[in-house]
S.K.: 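The structure is given below, and queries will be raised subsequently.
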Amino acid sequence: MKGGFGNWRKAGDKFREHEKSSFHLEVVSKLSALKQTPINALLSQAIAKDQVTAQTVLELAFRSIKFLARQGLPLRGQEHRDGTFWQMMLERTYDLPAAREWLLRRDNWMGDNIQNEIIERLAHAVQRVVVREAFGSPYYGLIADGTTDITAKEQFSCHLFYTDDNFIQHSRFLGYYNAPDTTAETLFVCIKDVFLRLNLPLEKLKGYCFDGASNMSGRFSGVQARLGEVCQGSLFVHCCNHSLDLALQEVAREVPLISETLQFVQSAANIIRKSNKRRTTFESCFGDEDARCNILGLCPTRWCVRALAVSRIIRAFGPLLKTLQTLQQDVRGEMKAKISGLLKQAKKGKTMFGLLCSEALFTPCEAVAKVLQAEKATAAGALECIKTLRERIQALRNDNAMEELLNKTNASAAKYDLKMPDPTTNRITKTPSRYRDTRQTEDAVTSKGAASWKMQFFEALDLVHAEIERRFDQSGMTTAALREATLLSATNGMVGTEEDLVSLKLPGNIDVPGLHMQLRMLVGLTRQEKFGTLYDLATFMSSLHAQTRGLFKDVGNLLHLALSLPISVASSERSFSALRRLKTWLRNTVVQRRLTHLALLHMHQDILDTLDVPALMTEFISTTPERKTTFGVIPST
């Protein structure tokens, strides 16, 4: 229309006519289309919204698996939609309707394969942190030990021992390895493979601690001998806790007084603890004024249970006698014979004397065992503790200590009506002449009663003393203690000669003349300080200015070297406790790969808590185009 509309008198008719025209209808349709979102735009918004929901569910899955692995809890159940992980996901999406609907619709993303991949990514992230921390350390220590899991498979546990720039010790679990056999060659190859896979230089390995098994500690073809050929200047330490435990096992096996006493403790614990009825009877025998306690059994794999088990028997000896007397009348068959024999043994004064002697012997030994398995135990400290223990054992070998034990025995015999030997019926014995090499008169020895008990107790003390001295006479421990003494002596103003430093068997990157000069400089720097342990010196060195620390480079390396030597395999023993929590009868089908990854997450909780979950989610999504389409792009924080 040219010139516009001008017939305003008939405007209404003309407008109604125009509204019916095809031109007007077409224009209105086009205008309506312009006001609406295009279909491709509508599809893009739906996809973006679904991706945000998917990201929410994925993050919940990562954090749920992280929590369950941290606590050592199971993930899977009998069915796909079962188990702790699935139930936790349902609970966490309870107040998120969109996430819950996506979870139920796309449950394939919660399957076993996805779980394994998430666990593996978390474990590898933890491993990367461990390797990054350890790579800056100048020296490494190694703790390795083996055990069998619930399915009788061999599990070889490895721990890395190292120090950071501030001389703080770290003991990090590297994993379980299912070795095909337990020969020295196989385990040596396994250790080399661990270092190779983690890109850790084996040449930095300067100390290792194993138990006394010949495949690990053999001096000719054991793992320690093979490592010594590869890692020049390295030291081997036979686990201090195992050494002490072997000494105690020797006396428990060779001395009748101690072996019979421990057998009595174990038998009493088995009879009382393995029946609820007998346990109830035992508890009912305590009086109102008695201190109630449970008796404990002996465990062959624990280092600190003998003294406590014996002490519990002594404290509960009266209720134990009453219980055995009651049970003797109630039970029948084979159990009655066992209880009668145990009661007969309990009524002997010798049994009480053996309990008191065992308590006196094992209590200081187990106090030392607890100290030896501490995280900050050192070689010099361990040898000092062992020296103190030997002095304590020698102090028990005198007439005053024996008189005190006999007085306690007599008091207990009067209290519990125990049978004591008659001193008037002691028999005098002599060694047969065919076994004697001299004609001199032999002193008469009584073969019964208190004199015989005294002989056996002194024999136990002498055997423990000799075994401890023999088992702790280790060249590796001695050299490590000399390294520590060299550093602490310098802080007290005493520095030896360069020849003394050569005897420390230092690695090649420590310059002996330079170390000698730096130790002399350290005397002046620490004149106003007092250092009781190596850790006090480490704290002082870490507080120095970076340039000042540069003056003492070799001293710092020697300090790193001294702190990198483990003296106990307690870390591996703790990892076996974690193994029993992770691989149970209900979880015995877990494969080796998943088991190791779960163990890494469970045992490195401090590192696991610091992981960047969004970054791991991004890695997970970027592996396949399907995941990119499903989850989109994780927004950067």
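The figures here come from the full heavy-atom set of this structure, side chains too, leaving out hydrogens, waters and symmetry mates.
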S.K.: Are the side chain of T186 and the backbone of T182 linked by a donor-acceptor contact shorter than 3.5 Å?
M.R.: no
S.K.: My understanding is that only residues two or more places apart in sequence, or in another chain, count here; which of them pass ring pair (Phe, Tyr, Trp, His ring centres under 6.0 Å) with F195?
M.R.: none
S.K.: Does one side chain, of T478 or S475, offer a donor that lies under 3.5 Å from an acceptor on the other?
M.R.: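 No pair is found: no donor N or O on one side chain lies under 3.5 Å from an acceptor on the other.
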S.K.: Around atom CG of D82, are there more than 12 heavy atoms from other residues, nucleotides or ligands closer than 6.0 Å?
M.R.: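 Above 12, so yes.
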S.K.: Atom CG in L601, atom CD1 in I607: separation rounded to 0.5 Å?
M.R.: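 With rounding to 0.5 Å, CG (L601) is 10.5 Å from CD1 (I607).
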S.K.: Which heavy atom in H602 sits nearest to a heavy atom in A578, and how many Å separate them?
M.R.: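 Answer, listing the atom of H602 first, then A578: CD2-CB, 3.8 Å.
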S.K.: Looking only at side chains, do S64 and R92 share a donor and an acceptor under 3.5 Å apart?
M.R.: yes
S.K.: Check D245 with R306, please: is the shortest side-chain N to carboxylate O separation under 4.0 Å?
M.R.: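 Salt bridge flag = yes for D245 with R306.
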S.K.: Using the rule given for side chain to side chain contact (heavy atoms under 4.5 Å, CB included), can you reason through F62 versus F620, listing the C-alpha separation, both sets of side-chain angles and the distance that settles it, and then say yes or no?
M.R.: CA-CA 10 Å; F62 263 83; F620 174 83; 3.9 Å; yes
S.K.: For a ring pair (Phe, Tyr, Trp, His ring centres under 6.0 Å) check, start with the C-alpha distance between Y176 and F156, then their side-chain angles and the critical distance, and finish with the verdict.
M.R.: CA-CA 5 Å; Y176 297 124; F156 188 60; over 10 Å; no
S.K.: Using atom types as modelled and distance alone, determine if a side-chain donor or acceptor of K628 lies under 3.5 Å from a backbone N or O of T623.
M.R.: no
S.K.: Side chains of S568 and N241: is there a donor and an acceptor less than 3.5 Å apart?
M.R.: yes
S.K.: Can a donor-acceptor pair be found, under 3.5 Å and without considering hydrogens, that links the side chain of H242 to the backbone of G212?
M.R.: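 Side chain of H242 to backbone of G212, a donor-acceptor pair under 3.5 Å: no, none is there.
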S.K.: Salt-bridge test for D606 and R172: reply yes if a basic N is under 4.0 Å from a carboxylate O, no otherwise.
M.R.: yes
S.K.: Charged N to carboxylate O under 4.0 angstrom, E117 versus R627?
M.R.: yes
S.K.: Got a donor-acceptor contact below 3.5 angstrom from the E619 side chain to the R121 backbone?
M.R.: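 Not at all, since once roles are kept as given, no pair shorter than 3.5 Å links the two residues.
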S.K.: Measuring from atom CG of L205 to atom CG of L160, what distance do you get when rounded to the nearest 0.5 angstrom?
M.R.: 8.0 Å
S.K.: Counting heavy atoms not belonging to R581, are there more than 12 under 6.0 Å from its CZ?
M.R.: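 Counting other residues, nucleotides and ligands, CZ of R581 exceeds 12 neighbours.
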S.K.: Is the NZ or CZ atom of K206 both under 6.0 Å from the centre of the six-membered ring of Y140 and within 45° of that ring's axis?
M.R.: no
S.K.: Just say parallel, tilted or perpendicular for the rings of F236 and F210, cut-offs at 30° and 60°.
M.R.: tilted
S.K.: Can you give me the closest heavy-atom contact between P507 and L561, atom names plus distance?
M.R.: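 Answer, listing the atom of P507 first, then L561: CD-CD2, 3.5 Å.
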S.K.: Can you pull out every side-chain hydrogen bond (donor to acceptor under 3.5 Å, both in side chains) where at least one residue sits in residues 211-231? Sequence neighbours excluded, please.
M.R.: E185-R226
S.K.: So D149 and R587, salt bridge (Lys or Arg N to Asp or Glu O under 4.0 Å) or not? Walk me through it.
M.R.: CA-CA 11 Å; D149 59 25; R587 304 168 68 183; over 6 Å; no
S.K.: Which heavy atom in S542 sits nearest to a heavy atom in N166, and how many Å separate them?
M.R.: CB-O, 3.6 Å
S.K.: Could you tell me whether a side-chain N or O of Q169 sits under 3.5 Å from a main-chain N or O of L563, the two making a donor and an acceptor?
M.R.: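 It does hold such a pair.
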S.K.: Which residues pass the ring pair (Phe, Tyr, Trp, His ring centres under 6.0 Å) test with Y162, not counting sequence neighbours?
M.R.: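 Counting only residues at least two positions away or on another chain, Y162 forms a ring pair (Phe, Tyr, Trp, His ring centres under 6.0 Å) with H170.
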S.K.: If you count heavy atoms of other groups shown closer than 6.0 angstrom to CD of E391, is the number above 12?
M.R.: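 Enclosed: over 12 neighbouring heavy atoms sit under 6.0 Å from CD of E391.
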S.K.: Can you tell me how far apart OG1 (T147) and CG (D145) are? Round to the nearest 0.5 Å.
M.R.: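 Answer for the OG1-CG pair, T147 versus D145, is 7.5 Å.
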S.K.: Is the terminal nitrogen or CZ of R76 (NZ for Lys, CZ for Arg) located under 6.0 angstrom from the six-membered ring centre of F85 and within 45° of that ring's axis?
M.R.: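 R76 over F85 ring: no.
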S.K.: When you measure from the side chain of Q474 to the backbone N and O of V237, does any donor-acceptor pair fall under 3.5 Å?
M.R.: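 No: the side chain of Q474 does not pair with the backbone of V237.
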S.K.: What residues form a ring pair (Phe, Tyr, Trp, His ring centres under 6.0 Å) with F362, not counting sequence neighbours?
M.R.: none
S.K.: Using a strict threshold of under 4.0 Å (side-chain N to carboxylate O), is an ion pair present between E250 and R253?
M.R.: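 A salt bridge is present here (some side-chain N lies under 4.0 Å from a carboxylate O).
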S.K.: Can you name the nearest heavy-atom pair linking G218 to A225, along with the distance?
M.R.: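 What the structure gives for the nearest pair is O-CB, 3.6 Å.
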S.K.: For the pair T491 (side chain) and L488 (backbone), establish whether a donor and an acceptor sit closer than 3.5 Å, ignoring hydrogens and angles.
M.R.: yes
S.K.: Go through the steps for W109 and V57 under the test side chain to side chain contact (heavy atoms under 4.5 Å, CB included), then give the verdict.
M.R.: CA-CA 9 Å; W109 292 104; V57 176; over 6 Å; no
S.K.: Quick one, I114 with I118, criterion side chain to side chain contact (heavy atoms under 4.5 Å, CB included). Give me CA distance, side-chain angles, the key distance, then yes/no.
M.R.: CA-CA 6 Å; I114 299 299; I118 294 176; 3.9 Å; yes
S.K.: Mark yes or no for whether T388, through its side chain, and E384, through its backbone, hold a donor-acceptor pair below 3.5 Å.
M.R.: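 Answer holds: yes.
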S.K.: State the CZ-CG distance between F531 and L487, to the nearest 0.5 angstrom.
M.R.: 11.0 Å
S.K.: Within a 6.0 Å radius of atom CZ on R520, are there more than 12 heavy atoms belonging to other residues, nucleotides or ligands?
M.R.: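 Incorrect, the count does not exceed 12.
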S.K.: Give me the atom names and distance for the closest heavy-atom approach of A382 to C240.
M.R.: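 A382 and C240 have their closest heavy atoms at CB-SG, 4.2 Å.
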S.K.: What distance do T363 atom OG1 and E366 atom CD have between them, rounded to the nearest 0.5 Å?
M.R.: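 It is 7.0 Å, given to the nearest 0.5 Å.
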S.K.: Determine, step by step, whether T584 and I150 satisfy the side chain to side chain contact (heavy atoms under 4.5 Å, CB included) criterion, reporting the C-alpha distance in whole Å, the side-chain angles of both residues, the deciding distance to 0.1 Å, and the verdict.
M.R.: CA-CA 6 Å; T584 63; I150 200 70; over 6 Å; no
S.K.: Can you list every side-chain hydrogen bond (donor to acceptor under 3.5 Å, both in side chains) pair that touches residues 496-510, not counting sequence neighbours?
M.R.: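 Counting only pairs at least two positions apart or across chains, the side-chain hydrogen bond (donor to acceptor under 3.5 Å, both in side chains) contacts touching residues 496-510 are Y139-N509, T497-E499, T497-D500.
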S.K.: Side chains of Q155 and Q592: any donor to acceptor distance under 3.5 Å?
M.R.: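 Yes, because at least one side-chain N or O of Q592 sits under 3.5 Å from a partner of the opposite role on Q155.
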S.K.: Would a distance-only check, ignoring hydrogens and angles, find a side-chain to backbone donor-acceptor pair under 3.5 Å from Y208 to L565?
M.R.: no
S.K.: Within the 3.5 Å criterion, strictly below it, is a donor on H159 or S171 matched to an acceptor on the partner's side chain?
M.R.: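 No - no donor-acceptor pair under 3.5 Å links their side chains.
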S.K.: Answer with yes or no whether the side chains of E484 and T378 bring together a donor and an acceptor at under 3.5 Å.
M.R.: yes
S.K.: What's the shortest heavy-atom distance between T163 and H560, and which atoms?
M.R.: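 Answer, listing the atom of T163 first, then H560: OG1-ND1, 2.5 Å.
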S.K.: Between S543 (side chain) and F540 (backbone), is there a donor-acceptor pair under 3.5 Å?
M.R.: yes
S.K.: For the atom pair CE (M89) and OG1 (T84), what is the distance rounded to the nearest 0.5 Å?
M.R.: 13.5 Å
S.K.: Can you confirm whether E375 is buried at CD, in the sense that more than 12 heavy atoms of other residues, nucleotides or ligands lie under 6.0 Å from that atom?
M.R.: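 No, CD of E375 has 12 or fewer neighbouring heavy atoms, counting only those of other groups under 6.0 Å.
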S.K.: According to the salt bridge (Lys or Arg N to Asp or Glu O under 4.0 Å) rule, which pairs have a member within residues 58-72, sequence neighbours left out?
M.R.: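 Output for this query lists E59-R63, R70-D609.
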S.K.: Could you check whether any side-chain heavy atom of R594 comes within less than 4.5 Å of a side-chain heavy atom of I119, counting everything from C-beta outward?
M.R.: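 Side chain of R594 against side chain of I119, heavy atoms only: contact under 4.5 Å found.
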